[in-house]
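The shown structure was predicted, so the numbers you read here are calculated from the model rather than taken from an experiment. Computation of the quantities below employed the complete heavy-atom set of this structure, encompassing side-chain atoms and omitting hydrogens, waters and symmetry-equivalent molecules. Start at 1 and go down the list; that is how both ligands and their atoms are numbered.
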Amino acid sequence: MCGIIGVTCNPSANAPTRASIIITKALKSLEYRGYDSVGIALIDPSSGKLIVKKSDGMLDKVSKEYGFEGTPGFVGIGHTRWATHGPPTQINAHPHTDCKEEIAIVHNGIVKNFLELKKDLASKGHSFKSETDTEIVAHLLEELSNRNNDFFNALKRAISMVEGSYAIAVITKKEPDKIFFARKESPLIVGLSKNLNLLASDIPAMLDYTSSFIPLSDGEVGWISPSDVHIENLNGEIIDTKKRIVTVDWKSDMVRKSGYPHFMIKEIHEQPQVLKNTYDGLMSDDILDRAADVLASGERIFVTAAGTSYHASLILKLFIERLTGRIVYPFIASEYRVVENLAHKGDVIIAVSQSGETIDTMKGLRAFKARGAIAMSITNVMGSTIGRESDFTIPMRAGPEIGVAATKTFLTQTLVASLLSIKLASKLGKIGMDEEKTMLSELADAGRVAGEAISMTEGVVKSMAERIHAVQNMYFLGRGLGVPLSYEAALKLKEISYIHAEAYPAGESKHGPIALVEQGFPVFFIVTSEMVSELEGNIAEMNARGAMTVAIAPFKLKERLGTKAIIAVPDAGNMLEPYSLTPPFQLLAYYTAVRRGHDPDRPRNLAKTVTVE
Ligand code: F6R
C-alpha cells in the first residue's frame, strides 16, 4: 500500500538539503509496503516555490534521475504509490498539486466521492492533470483556502467533504514551515525529534531519527512544525499530545538486512531469538493471566484476522478447543459482515494482526465491539490502531517485520496463542497448576526448536527448491495442527514464488483435489505426531498416482511414512511442533522464489499492510 513521509526541519539547525535526504532515506524504508511510483515535494527556501519530483518506477532509479537528495528545502513530503485510481504513470504519481502549484499533497487511501467533487471543482474552473482521486483534494484545498485565508480551517472543511479513507500530508507555500495532516482508516504516525518533526505511515520509516511517536487516531487532523505538534479530533477538541506519546524499543538496525540478501531470510533466522523475547516478555508479566480472565468470563470467543494471521488464529482455535473444550469461532476478517449480527454483549472478539492496521481486521473488531463484545487483540506494532481500539492487547514482541511475507510474526502469534490457551485451560480448571507449569515451561523451548529446525533443514530445503522450482502447481496436506500449517505453507509459496499451491486437510484431498494428481505432481505432507497412520494412508494414495510425495515430519517418523522424499525436523512435543515444522516451509518458499528469480521481499501486487477494503 502507499507510503507517506513528511519532514519539517528547523532552518537554523539543519542543512538546506537535510529534509530531502531524510525523505529519500525514509522512502527506501517504505519500499517494503509495495509500490509502483514514487515522488517528493519540498518548498524551495530561496524562491518559496514548490519543487515536485516524481515518476513511475523504483525509488533508486527515479531518485537518481530526478536528483531527489539534492533538492533544497526544510519542509517536504514524499510518497510511494500503489496504484488504485489510474495506472502507474509519471502524472499519476504523488505528490499532486493544485492549479496554482501552491499546495502539494500525498495520500494513502481512497476518496470514494472524488468524481462528484471533481465535477463540482471543474465547474468552478479547476483543471486536473491526473486520473487520481488524490488530486481532487489538492484542488478542494485550493478552492477552500482561497475563500478563507486560514489553511488549517480549509483542511478541516475539506476533510468534512471527503468520503472514504485517507492518511493525508499536505504542504503549502502559504505556511511554509508546516506539514498539515488528516487521518481516517489509513495509518499515520507523528515522529518527534530534536529540531525536526516527522510524519509517516509507519514507525520503521522514522527510526533513524526518533523512538518517540504519536500514532494518530481516526478523525484526527492537525499540523507539525519543527518544534510543535497540533492535533484536533473530529469535535474540534485539542488533543494533549504529551499524553499520547509512545516510546518504542525498536532500533534502526532492526530494519536493515544486516548482511542477509533479503529481509525475509533475515527474519526467518531471527525466529529463535524473537520467540525467546516473546516468551520472556509474556512470562514476566501478568498480561496473559488477565487476558485469560477476560476469556474465561466471556460468553463466546470469536477470532478474526487476515492471511497469515488468520492461520495463526486457526491454531489459537485448535489449542483453546483442545485444552478447554470451549468452542472458538474464527472468521476471515473481510467477511465480518456475514457474522457481525451474531455478536452480542458478553462475547469476546480477538483480532490477530501483525501490523494492527489491516482495515478488514479493524472493521471486524469494530463491528463486534459496537454490538457489545469485549475487544481483545494480539498485535506486533505498539500503538497501532487495532491495539488502541481494543479493550485488551497482547503484544507479540517480534520486532519490526519488513519482509512482505510474514514469517517471524506467524510463529510469535502462534506462541501467544499456545500460552494463552494454557492459561485459559488453567483458569477454567481444565488443567492443574502443575500441568500448567509443565506446559508453559515446555514452550520456553520454542525458540530453540525453531533454531534447530532451521539448521537441520536449510541445506535439504535448498536442494528441494531446486527440484520444485519449475513446477506450476502443488499441494500441502496435513491433519490436525498440520492443517493450519499447510494453509500457511501454501500461502508462503504462492505469494513469493508465484507457484500455485493449495492446502487441504489430507482426508479432504480425496473429495476432489486428487483429480489433479498425476505423475510427478508435488504433494507435501506437513506431518505432526498425531493421526500418523491416517496420513500414511493419504501418502499411499498419492504415491499410487505417481505424485512426488514429500514429508516435512518429525525425525522419529522418518523411516515410517513412505514418501519419496523427507525433510526431517527435530522431534518435539505437540505444542512445540509449529516451531519445528514451520521454518522448513518458510525456507522452501524463500529459496524457491530466489531460484525462480523473484525478489521475496517485494512480491508483485502485494503490500505489507492492507489498508483498503
Ligand atoms: C502473508 C501476509 C499477509 C498478512 C495479512 C494480515 O505473508 O503477510 O497475509 O498476514 O495481510 O496482516 P496483519 O497481520 O498485519 O493484519
Practice task
Taking the six-membered ring for Trp and the full ring for Phe, Tyr or His, determine whether the centres of His269 and Tyr260 are under 6.0 Å apart.
Solution key: yes
Problem - Test salt bridge (charged side-chain N to carboxylate O under 4.0 Å, His left out) applied to Lys363 - qualifying residues, sequence neighbours left out - result: Glu185, Glu613
Exercise for the section: Compute both the distance and the angle, then confirm whether Arg604 meets the cation-pi test with Tyr498: under 6.0 Å from the six-membered ring centre, within 45 degrees of the axis. Expected result: yes
Practice task
Determine, using ring centers only, whether Phe585 and Phe524 are less than 6.0 Å apart.
Solution key: no
Under a 3.5 Å threshold, I'd like every N/O contact between ligand 1 and protein atoms, with atom names and distance.
unit_1, atom_1, unit_2, atom_2, d
ligand 1, 7 (O), Thr308, OG1, 3.3
ligand 1, 7 (O), Ala406, N, 2.9
ligand 1, 7 (O), Lys492, NZ, 2.9
ligand 1, 7 (O), Glu495, OE1, 3.1
ligand 1, 7 (O), Glu495, OE2, 2.5
ligand 1, 8 (O), Val404, O, 3.3
ligand 1, 8 (O), Ala406, N, 3.4
ligand 1, 9 (O), Thr308, N, 3.3
ligand 1, 10 (O), Thr308, N, 3.1
ligand 1, 12 (O), Thr358, OG1, 3.4
ligand 1, 14 (O), Ser309, OG, 2.6
ligand 1, 14 (O), Gln354, N, 2.7
ligand 1, 15 (O), Ser355, N, 2.9
ligand 1, 15 (O), Ser355, OG, 2.6
ligand 1, 15 (O), Thr358, OG1, 3.4
ligand 1, 16 (O), Ser353, OG, 2.6
ligand 1, 16 (O), Thr358, OG1, 2.5

Practice task
May I ask you to check whether Tyr590 and Gln586 show a side-chain donor-acceptor distance below 3.5 Å?
Solution key: no
Exercise for the section: Flag the pair Glu31 and Lys28 as a salt bridge only when some basic side-chain nitrogen lies within less than 4.0 angstrom of an acidic carboxylate oxygen. Expected result: yes
